[in-house]
Amino acid sequence: MAANNRRMSGKKGAQVGSGGQRRRGLEGKGPTPPAEMRKGHAKQRAAQAKSRRAQGRTTQRRGGRSASELVVGRNPVVEALREGVPASTLYVQQFIDNDERVREALQLAAERGGINLMEAPRPELDRMTNGLNHQGLVLQVPPYEYAHPEDLVAAAHDEGQDPLIVALDGVTDPRNLGAVVRSVSAFGGHGVLVPERRAAGMTAGAWKTSAGTAARTPVARATNLTRALEAYKKAGVIVVGLAADGEAELGDLEALDGPVAIVVGSEGKGLSRLVGETCDVRVRIPMPGGAESLNAGVAAGIVLYEAARRRS
C-alpha cells in the first residue's frame with residue numbers, strides 16, 4: 001500500500017540519462033550584449049528609430065522623378081529613337097500602313113532592346129494621346145531620375161576636382177536645357193541644376209538636344225533654387241551669375257579657376273531678383289557685335305569653355 005502511495009504522489013524522481021542538460025545549464029552564455037542589441041531594450045528602440053530617420057533623409061535627398069512622357073507621331077518617334085531618347089514602350093496601331101518610317105521605328109526599337117512593342121487599336125491610342133495626331137506611332141518615355149543638388153558637388157570631390165556646375169534660373173525651353181547639358185559634358189562639368197517649378201525638365205526634347213550626353217551628365221532638381229545655391233556657398237562653391245549689367249567681365253573672373261556654380265537666367269528676363277542677390281558676383285560676357293542677350297545654351301557654353309581653358 002505504501003509503495004502504491006509513492007507511485008501516486010506528485011513528486012518526480014531522478015531522470016535517467018539527462019543528456020548533459022544540467023551541465024549545459026550551468027555553463028556561461030558569454031558576455032552580455034550591448035544594450036543596443038538587446039531585444040526590447042530602450043537603447044535598441046532608440047537605435048532603430050535613428051536608423052529609420054537616416055533612411056528617411058536618404059530618400060529625401062533624391063531629386064525625385066519626372067512624369068512619364070509620350071512622343072507622338074511618326075517623325076518625332078523615329079527621331080527620338082535615332083537620338084537615343086530613353087523609351088520603355090513603342091505603341092503601334094493595329095492595321096497601320098507599313099511605310100518607311102514605321103519600319104524604321106520598329107527596327108530601331110528592336111536593335112536597342114529593352115523596348116516593349118505593343119499593338120493597340122486606334123481608339124486606344126486616341127485616348128492615350130488625348131486625340132493628338134499620333135499617326136499610329138506612340139513612344140513612351142520613362143520618368144527621368146533627377147539627382148540631388150548635393151550629389152553634383154559630391155561627384156566632383158569624388159573625382160578629386162573642383163565642382164563646375166551650371167544652374168538655370170527661369171529657363172523654360174527643354175532644348176536650351178539639352179544644349180546646356182551637352183556643353184557641360186563637353187567641357188568637363190559635373191552637372192546641371194534646375195528648379196522644380198517654372199523651369200524646363202528632362203523631356204524627350206531635352207534628351208534629343210543633348211545628343212545623348214544626358215546619359216552621363218546628371219541633372220539635379222531643387223525645390224528652391226535660392227536655398228540650393230546658398231548650400232553651395234556654404235560648401236565653398238563660388239556662385240557666379242551671368243548678367244548683361246554684371247560688375248565683372250568674364251575674362252577677369254578668377255573664380256572660374258576653382259569651385260564654381262554658373263547661374264544662367266532666361267533670355268528675356270535674366271536672373272530673378274532673389275537668385276541675383278544670392279550670387280557672389282555677377283559677370284557679363286563682352287559682345288562687340290552689340291547683341292542685347294545670348295541664348296541660355298550659348299551663354300553657358302562660352303563660360304564653360306573659359307572655365308575649362310583655365311583649368312587645363
Side-chain angles (χ1 to χ4, degrees), residues 66 69 76 79-80 83-85 144 146 152 164-222 225-226 228-229 239-253 255-256 260-276 278-279 281-310:
S66 62
E69 181 188 1
E79 290 173 6
E83 296 296 335
V85 174
Y144 180 79
Y146 289 96
L152 306 185
L164 177 58
I165 299 165
V166 174
L168 301 182
D169 178 27
V171 175
T172 57
D173 189 341
R175 292 170 297 181
N176 271 334
L177 172 57
V180 170
V181 170
R182 188 172 184 177
S183 294
V184 168
S185 177
F187 295 114
H190 300 100
V192 180
L193 175 64
V194 298
E196 186 174 323
R197 299 178 182 176
R198 295 184 292 277
M202 283 306 297
T203 63
W207 268 97
K208 286 168 58 179
T209 310
S210 77
T213 58
R216 57 181 182 271
T217 302
V219 176
R221 189 166 63 175
L225 182 60
T226 301
L229 294 175
V239 177
V240 175
L242 297 188
D245 58 348
E247 58 270 21
E249 192 168 291
L250 179 60
D252 301 327
L253 186 63
L256 293 177
V260 64
I262 303 158
V263 189
V264 183
S266 64
E267 186 173 348
K269 299 179 180 179
L271 299 175
S272 62
R273 181 180 62 82
L274 288 177
V275 169
T278 304
C279 295
V281 61
R282 297 191 311 155
V283 65
R284 63 184 183 274
I285 298 174
M287 291 181 286
E292 293 183 2
S293 63
L294 292 172
N295 171 279
V298 173
I302 293 172
V303 182
L304 285 165
Y305 166 76
E306 180 65 15
R309 185 185 67 82
R310 294 190 182 196

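Residue indices begin at 1 and follow the sequence shown.
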**Message:** Could you measure the distance from the CG atom of L229 to the CG atom of L193? Nearest 0.5 Å is fine.
**Reply:** 6.5 Å
**Prompt:** Closest approach of G251 and R310, non-hydrogen atoms and distance?
**Reply:** O-NH2, 2.7 Å
**Message:** Within this structure, what is the CG-CG distance for the pair N295 and D173, rounded to the nearest 0.5 Å?
**Reply:** 8.0 Å
**Item:** Least distance between heavy atoms, L152 atom then H190 atom
**Value:** CD2-O, 3.7 Å
**Message:** Quick check: closest heavy atoms across S272 and D169, and the distance to 0.1 Å?
**Reply:** N-OD2, 2.7 Å
**Request:** Answer yes or no: does atom CZ of R198 have more than 12 heavy-atom neighbours from other residues, nucleotides or ligands under 6.0 Å?
**Result:** no
**Prompt:** Can you tell me how far the CG atom of L250 sits from the CG atom of L242, to the nearest 0.5 Å?
**Reply:** 8.0 Å
**Asked** Roughly how far apart are T217 OG1 and R182 CZ, rounded to 0.5 Å?
**Response** 11.5 Å
**Prompt:** More than 12 foreign heavy atoms under 6.0 Å from CZ of R175: is that the case here?
**Reply:** no
**Item:** Side chain proximity check, L177 to M202, heavy atoms < 4.5 angstrom
**Value:** yes
**Request:** For residues A299 and L294, report the shortest heavy-atom separation together with the two atoms involved.
**Result:** CB-CB, 4.2 Å
**Main-chain N/O of L274 paired to T278 side chain as donor or acceptor, under 3.5 Å** = yes
**Message:** If you compare all heavy atoms of A211 against all heavy atoms of E83, which two are closest, and at what distance to 0.1 Å?
**Reply:** CA-OE1, 4.3 Å
**Prompt:** Does R282 CZ have over 12 foreign heavy atoms under 6.0 Å away?
**Reply:** yes
**Asked** Tell me, do L164 and I262 make a side-chain contact under 4.5 Å, heavy atoms counted?
**Response** yes
**Prompt:** Closest heavy-atom contact between G297 and V180?
**Reply:** CA-CG2, 3.8 Å
